[in-house]
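Computed over heavy atoms, backbone and side chain alike; hydrogens, waters and symmetry mates excluded.
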Amino acid sequence: MSLKSLILILLSVGLSAIAQIAMKAGVSGASTSASTSVLGSYMAMLTAPKVLLGLACYGLGALIWLRVLSMMDVSQAYPFVAVGFVLTMALGFILLGETPHLTRMLGAGFILVGVWLVGMR
């Protein structure tokens, strides 16, 4: 795997992780009440600036991912998507104040080892 491919993969996966955090922050801050209809609740969430930022990050990440797929085998590239699980979890701890649990940390370690093994060829 070339350094360029790795950088593009990590950029795409990183944007997806940022998208998750932005959307979580956006829906947590969206004003919905019990009296709001389901459609009204979704509209409030979809128009929240952080949710829109998250969707934009997903879109840009998808465009970068298309470039990755044009450069390498999907069977080698796709397992790196799992790094997004670890990165999203870490950002949740850091930015959202979520509580890290030993089992989650252990699982993240196994994911990283697995991705490393797949990336070796």
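- Here the shortest heavy-atom pairing between G61 and S12 reads O-OG, 2.9 Å.
- L8 contributes atom CG, which lies 12.0 Å from atom CG of L63 (distance to the nearest 0.5 angstrom).
- To the nearest 0.5 angstrom, L11 atom CG is 11.5 Å from W65 atom CH2.
- Rounding to the nearest 0.5 Å gives a distance of 12.0 Å between OG of S16 and CD1 of I21.
- Nearest heavy-atom pair, G14 versus L87, reported as atom, atom and distance to 0.1 Å: CA-CD2, 3.6 Å.
- Atoms CD and OG, on Q76 and S5 in that order, are 8.0 Å from each other to the nearest 0.5 Å.
- L15 and I7 end up in different hydrophobic clusters when Ile, Leu, Val, Met, Phe, Trp and Tyr side chains are linked at under 4.5 Å.
- Looking at every heavy atom in both residues, A82 comes nearest to V115 through CB-CG2, 3.9 Å.
- Placement of I64 and V13 within a single hydrophobic cluster is found when ILVMFWY residues are connected by side-chain heavy-atom separations under 4.5 Å, directly or transitively.
- The cluster map of Ile, Leu, Val, Met, Phe, Trp and Tyr, joined by side-chain heavy atoms under 4.5 Å apart, puts Y78 and F85 in the same cluster.
- M105 and I111 fall into different hydrophobic clusters, where Ile, Leu, Val, Met, Phe, Trp and Tyr side chains are chained together by heavy-atom contacts under 4.5 Å.
- Taking NZ from K4 and CE from M72, the interatomic distance works out to 13.0 Å, rounded to the nearest 0.5 Å.
- The two atoms that bring V86 and A108 nearest to each other are CG2-O, 3.7 Å, heavy atoms only.
- L96 and M23 fall into different hydrophobic clusters, where Ile, Leu, Val, Met, Phe, Trp and Tyr are joined by side-chain heavy atoms under 4.5 Å apart, directly or via other members.
- Taking each heavy atom of A19 and G54 in turn, the nearest pair found is CB-O, 3.1 Å.
- Between G26 and A48, the closest heavy-atom pair is O-CB, 3.8 Å.
- When side chains are defined from C-beta on, Q20 does not count as touching L91, because their heavy atoms never get closer than 4.5 Å.
- No more than 12 heavy atoms of other residues, nucleotides or ligands shown are found within 6.0 angstrom of CE on M43.
- Looking at heavy atoms from C-beta onward, L53 lies in side-chain contact with C57 at the 4.5 angstrom threshold.
- A donor-acceptor pair is defined here as one N or O able to donate and one able to accept, closer than 3.5 Å; such a pair exists between the side chain of S70 and the backbone of R67.
- Note that CE of M45 and CG of L52 are 12.5 Å apart. Values are rounded to the nearest 0.5 Å.
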